[in-house]
There are 2 protein chains.
Amino acid sequence: MQVTTLCLGALVFGEATGYEINKMFEDGPFSHFLDASYGSIYPALTRLTDEGLVTCKAEQQERRPDKKIYALTDRGRQSLSEALHTPLAEDKFRSEFLFAVLFADLLPRSRVVELVDQRLAAMKAKTEELATKDPGDTPGMDFARLYGHAVYSASVSFLENNRHLIEDIAVDDKPQEAPREVHTHV
Amino acid sequence: MQVTTLCLGALVFGEATGYEINKMFEDGPFSHFLDASYGSIYPALTRLTDEGLVTCKAEQQERRPDKKIYALTDRGRQSLSEALHTPLAEDKFRSEFLFAVLFADLLPRSRVVELVDQRLAAMKAKTEELATKDPGDTPGMDFARLYGHAVYSASVSFLENNRHLIEDIAVDDKPQEAPREVHTHV
DNA sequence: GGCGTCTATATAGGGCCGATATATGAGAAT
DNA sequence: ATTCTCATATATCGGCCCTATATAGACGCC
C-alpha cells in the first residue's frame, strides 16, 4: 500500500494540507502504525490531483507560501474503498533492539542494561500515551489505541520479567569501568 | 541501521552466502523483526568486501554459478560492535490492518469480519511458530522468540475479545448479498 | 514428460526516507 | 532588547531499499 492510498485515508477525516497530513503520521492517529514523510507525501498529493482523486484549492496567505488545501473527490473515496477490499499486506515489525539482543553475549553488561532501560522507558511512555481516550477519536481510532495499549503493556511486562535472560549472558564490565572505592563503604 | 550492518550481524553466526543471508531474513532468526532482500543484500556484501569488513572466497561449482562465501573480518566484527554501541532506532510497526480498521464504518461488515479472521489466523500461526524452542538457538534468539510469543499472544487475546468494537460499526451488508430464505427456517 | 521448488547470483526501476532550503511569525529564554 | 527555538508551509535531491525479473541446472512429484 503506497503513500497515495494513505493520503486518501487521511483526507477521509476532512480536507487538509500536506503539512497537516504529515502531522497525522508524526503525532496524529496514524503515528503508531504507519510511516510517511514530506518526501513522499507532497509528490503523492500531486499525483492524486493529476489523477482526479483529490482536489486542490490554493489559499493565499500574506507573507507566507500559499496553503494548498486538498480534499477527496468521489473517485478518490471509491479508490480508497477498492484498496481496502484488496488483500492487505501483513503487519511489519522492525526492531533494532531485538537485533542487538541477538548479540548480547558480545556486549558489556552495562550496555545491555542500558538498552533494556531505554526500551522499557519508551514502551512505558507509549503505553501511557495510549491509555487516555481523546473524545474526538472515531471508534476505529479507539480500537487501534486499545490494541496498541494491549500490545505495549504485554511488551513492558515481558521485558520486566525476562530482562535477566539477556543481561546474564552479557560479558562482565571491565573492572576499571566500575567504581573502585568499595572499601570506603565500611 | 543499514543492511550492511545487518549482514555483519548475520555473519556472526558463521560464514554464509548471500543466498543464505537472505534466508535468515525470510525464514530464519531475523524474520520476525527485520527485513532485507536480494536487492539490498548483494550490493551490501560487495560494499562490505570493498571496505574490508568481510572476506569473500568463491567456491567453484560444476554447472552452477560460483558460490561466494562471505566471512567476518576482525574489522567487521569491530564495526558491528560499534554500531551496537551507538543509539538504536526505535521499533517500527506498520499495519495496514489497523489502517483499514480506521475506516471500518465505510466497509461492509462481511469485509471487516474477513479482515479480523485473516489477521487472527496469521497471528495464531506466528504464536504457534514461536512457541517451539529450537535446540540450536542462542540465548539471544530464545529471548527474541519468547518476546514475540508474548506480544502475539496479547495480540490474539485482544482481537478475540474486542473484535465486536469494529464489527459493530461496519455498515450492514447489502440485503441481496445475504441469504433470503430466513422464513424456511421454521 | 512437465511442473514446481530449491539453490545461487545479479540488476533495473521505481518508491520512499532523511536532510536540506526557503520564509516568517510567535513566544520563550536570557 | 535580543536571540533562539518552535511552528507553519511547500518542495526537492541523494541515496537506500524493495519488488520483480533474468539466468540456469538439479531434484522430486504427479
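Both backbone and side-chain heavy atoms feed into the values below; hydrogens, waters and symmetry mates do not.
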What nitrogen or oxygen pairs link the protein and nucleotides 13-18 of chain C at under 3.5 Å?
residue: C/dC16; atom: OP1; partner: A/V3; partner atom: N; Å: 3.2
residue: C/dC17; atom: OP1; partner: A/D35; partner atom: O; Å: 3.3
residue: C/dC17; atom: OP2; partner: A/S37; partner atom: N; Å: 3.4
residue: C/dC17; atom: OP2; partner: A/S37; partner atom: OG; Å: 3.4
residue: C/dC17; atom: OP2; partner: A/S40; partner atom: OG; Å: 2.5

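Atom CG of B/N22 and atom P of D/dT19 are 11 Å apart (whole Å). In this structure, the CE atom of A/M24 is 15 Å from the P atom of D/dA9, given to the nearest Å. Per the geometry, CD belonging to A/E15 stands 13 Å off P belonging to D/dA9, to the nearest Å. At whole-Å resolution of the value, CD1 in A/I69 and P in D/dT8 are 15 Å apart. In this structure, the NZ atom of A/K67 is 18 Å from the C1' atom of D/dA11, given to the nearest Å. The separation between B/E26 atom CD and C/dT5 atom P is 14 Å, rounded to whole Å. Residue A/Y19 contributes atom OH, which lies 13 Å from atom C1' of C/dG25 at whole-angstrom precision.
For the pair B/T17 and C/dT7, the criterion of a side-chain N or O lying under 4.0 Å from OP1 or OP2 is not met. Remark: A/K23 is not in phosphate contact with D/dA7, judged by side-chain N or O atoms under 4.0 Å from OP1 or OP2. When the side-chain nitrogen and oxygen atoms of A/Y42 are compared with OP1 and OP2 of D/dA11, none of them lie within a distance under 4.0 Å.
Inter-residue side-chain proximity for A/L159 and B/F143 is flagged as met; some heavy-atom pair is nearer than 4.5 Å.
Identified under the side chain to side chain donor-acceptor pair (under 3.5 Å) test for residues 113-122 of chain B, with sequence neighbours left out: A/D91-B/R119, B/R111-B/E114, B/D117-B/R163.
Partners of B/E128 by side-chain hydrogen bond (donor to acceptor under 3.5 Å, both in side chains), not counting sequence neighbours: none found.
In plain terms, the two heavy atoms of B/F158 and A/A150 that are nearest each other are CD1-CB, 3.8 Å.
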Handout entry: A/K124 and A/E160: CA distance, side-chain angles, deciding distance, salt bridge (charged side-chain N to carboxylate O under 4.0 Å, His left out) verdict
Key = CA-CA 11 Å; A/K124 281 181 178 170; A/E160 284 177 341; 3.2 Å; yes
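Between A/F13 and B/F103, the distance separating the two ring centers is shorter than 6.0 angstrom.
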